[in-house]
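A short worksheet on the structure shown next.
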Amino acid sequence: MANALRIGIAGLGTVGASLARILTNRHNKLAKICGRPIEIVAVSARNPDKDRGVDLSGARFFSDPVEMARDADIDVFVELMGGEGDPALGSVRTALERGCHAVTANKALLARHGVELAGIAEEHGVLLNFEAAVAGGIPVIKAMRESLTGNSISRVFGILNGTCNYILTEMERAGLSFDDCLKEAQRLGYAEADPTFDVEGNDTAHKLALLTSIAFGTQIAADDIYLEGISNISIEDIRAADDLGFRIKLLGVAQRTDSGIEQRVHPTMVPKNSVIAQVDGVTNAVAIDADVLGELMMSGPGAGGDATASAVMGDIADIAKSRPGHQHGPVLGRPAVHLDPYVRARMRSHEGGYFIRLTVEDKTGVFASLAKHMSDNGISLESIVQRPTKNGNGDKKTVILVTHATMEASVRQAVESISSDGYLVDKPQVIRIERPES
């Protein structure tokens, strides 16, 4: 049997501890599968004495992960600390520059510095694996980098954040407000004490930026994503969507157009009978539209220590199975030096239309005014529905507008014009409608 693959783990939180348990408890099985033992020889964590449910006494401890990356006698540096800057950036960069493979679950790091780190890895002939950085345990990176090489991808989209999907699912299932569902998600450990990064869409955006780069062969462009979270989704929106035959999901969408690449993250109404609408709870799903294969959808656990550790373990196993002198594939699907510049697509008509919810004063002429503002901005309406307000106040009415395909700028201009008329009594809500083929 070949020499052991020596692992250094930086970060022993939920994911790091779960990974350490897998490597320890399944040591013999992994050695048979990979053709060589995998040994944890170094670790770095804030608290060396914390009980993590696994014996790490045989590993050398480092308080500084950069020092571990530089000085530890390891073959693979596993970064599970998080954060787009140091120490994660410095330690991964140091490991790659000394010719050490790296594995990370850090989407923020890669969204900001992925092209640079990919270039360093390829220059030094080592691997930088990051399956766990996108969609948890779903092997979407491997599928896109390897299995779909012969395909041209036109669109990739999906549910990429389990926290948001859980909240939206529970709002519909239990009829509770966003705030109540968020508190429950925090109690269950699905949401952080400060959930802003998740619920405002940043986490989804980082994952989408990585998928976009691999799908379309472009440089990572995390700053060129239209971004909107779910904190403004109300129970009224959930109920209206249900009545219209839709569910609300936070989607990340990237697609190729004639003028460039479009990237967006926002709450979306999808038909109840679509596959993506059936993805509930903390589950993630990624759909890929390709010219040869057609549409591929993968779903599975998108968060949690075990799901993420499973993906990290898969990345380590790939390295263990490789042999010295083997030519490694490019980190982002094509060599970093050959990634195309990212070109942001021009705004175009959104085929799915828009859902617009307005709470207005109940007085003569309001409906006529709404219709005129829509017409003045070239917006054709599929339906207009009046609903009672949630408190039964007879002086207010909720009006639901569903548009045909139109430009987002037109919708925003129409809503702004309506707001200036002075009969709105609450902030208007605008949600895109997507109509996936399946």
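In this model, a donor atom of one side chain and an acceptor atom of the other lie less than 3.5 Å apart for Tyr423 and Ser369. A donor-acceptor contact closer than 3.5 angstrom is absent between the side chains of His206 and Thr204. Side-chain contact of Asp340 with Thr218: a donor-acceptor pair under 3.5 Å is absent, judged by distance alone. Using a 3.5 Å distance cut-off with no hydrogens or angles, the side chains of Asn377 and Gln413 do not pair a donor with an acceptor. Using modelled atom types and a 3.5 Å distance limit, the side chains of Gln386 and Thr398 yield no donor-acceptor pair.
Residues forming a salt bridge (Lys or Arg N to Asp or Glu O under 4.0 Å) with Glu84 (at least two apart in sequence, or on another chain): Arg112.
Heavy-atom contacts from other residues, nucleotides or ligands closer than 6.0 Å to CZ of Arg26 number 12 or fewer. Summarising the local packing, NZ of Lys427 is surrounded by 12 or fewer heavy atoms from other residues, nucleotides or ligands at distances under 6.0 Å. The number of heavy-atom neighbours closer than 6.0 Å to CG of Asp258, taken from other residues, nucleotides and ligands shown, is 12 or below. Counting non-hydrogen atoms of neighbouring residues, nucleotides and ligands closer than 6.0 angstrom, the CD atom of Glu192 reaches no more than 12 such neighbours. By the neighbour-count criterion of 12 heavy atoms within 6.0 Å, atom CD of Glu382 is densely surrounded, having more than that number from other residues, nucleotides or ligands.
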> Given Gln263 and Thr212, is the side-chain hydrogen bond (donor to acceptor under 3.5 Å, both in side chains) satisfied, shown in steps?
Replying inline: CA-CA 8 Å; Gln263 294 184 101; Thr212 300; 2.8 Å; yes

> Under the side-chain hydrogen bond (donor to acceptor under 3.5 Å, both in side chains) criterion, do Ser154 and Asp289 qualify, and how do the steps go?
Replying inline: CA-CA 6 Å; Ser154 58; Asp289 292 343; 4.7 Å; no

>> Go through it in stages, so that I can follow the logic: the residues are Asp194 and Thr196, the test is side-chain hydrogen bond (donor to acceptor under 3.5 Å, both in side chains), and I'd like the CA-CA distance, side-chain angles, deciding distance and then a yes or no.
In response: CA-CA 6 Å; Asp194 180 359; Thr196 304; 2.7 Å; yes

>> Please evaluate residues His373 and Ser375 with respect to the criterion side-chain hydrogen bond (donor to acceptor under 3.5 Å, both in side chains), reporting the C-alpha separation (whole Å), side-chain torsions for both, the decisive distance (0.1 Å), and the verdict.
In response: CA-CA 5 Å; His373 283 300; Ser375 177; over 6 Å; no

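Taking the charged nitrogens against the carboxylate oxygens, Asp203 and Lys107 do have a contact shorter than 4.0 Å, which makes a salt bridge. At a threshold of 4.0 Å, the pair Lys272-Asp242 counts as salt-bridged, since one of the basic side-chain nitrogens sits closer than that to a carboxylate oxygen. Using a cut-off of 4.0 Å between Lys/Arg side-chain N and Asp/Glu carboxylate O, Glu116 and Arg93 are scored as salt-bridged. Looking at Arg432 and Glu408, a side-chain N of the basic residue comes within less than 4.0 Å of a carboxylate O on the acidic one, giving a salt bridge. A salt bridge is absent between Asp280 and Arg247; no separation between the charged side-chain nitrogens and carboxylate oxygens falls under 4.0 Å. Between Arg239 and Asp243, none of the side-chain N atoms (NZ, or NE/NH1/NH2) sits under 4.0 Å from a carboxylate O, so this pair counts as no salt bridge. Ion pairing between a basic and an acidic side chain is recognised when a charged N comes within 4.0 Å of a carboxylate O; Lys142 and Asp318 show such pairing. We find that Lys183 and Asp179 are not joined by a salt bridge, their nearest charged nitrogen and carboxylate oxygen being 4.0 Å or further apart.
Of the possible donor and acceptor atoms, none in the side chain of Thr24 sits under 3.5 Å from a partner among the backbone N and O of Arg21. With Thr149 contributing its side chain and Glu146 its backbone, the two residues share a donor-acceptor pair below 3.5 Å. In this structure a side-chain-to-backbone donor-acceptor pair under 3.5 Å is missing from Glu131 to Ala133. A distance-only check finds a donor-acceptor pair linking the side chain of Thr169 to the backbone of Gly281 [under 3.5 Å].
A 4.5 Å side-chain heavy-atom check between Leu211 and Ile141 finds at least one atom pair inside the cut-off. Between Arg145 and Asn129 the shortest side-chain heavy-atom distance falls below 4.5 Å. The shortest side-chain heavy-atom distance between Ile74 and Cys100 falls under the 4.5 Å cut-off. Residues Val92 and Asn106 form no side-chain contact, since every pair of their non-hydrogen atoms from C-beta on lies 4.5 Å or further apart. Within the 4.5 Å cutoff, no side-chain heavy atoms of Leu96 are placed close to those of Phe77. Ser234 has its side chain within reach of Arg357: a pair of non-hydrogen atoms, C-beta onward, lies under 4.5 Å apart.
With rounding to the nearest 0.5 Å, the separation of CD1 in Ile379 from OH in Tyr354 is 9.5 Å.
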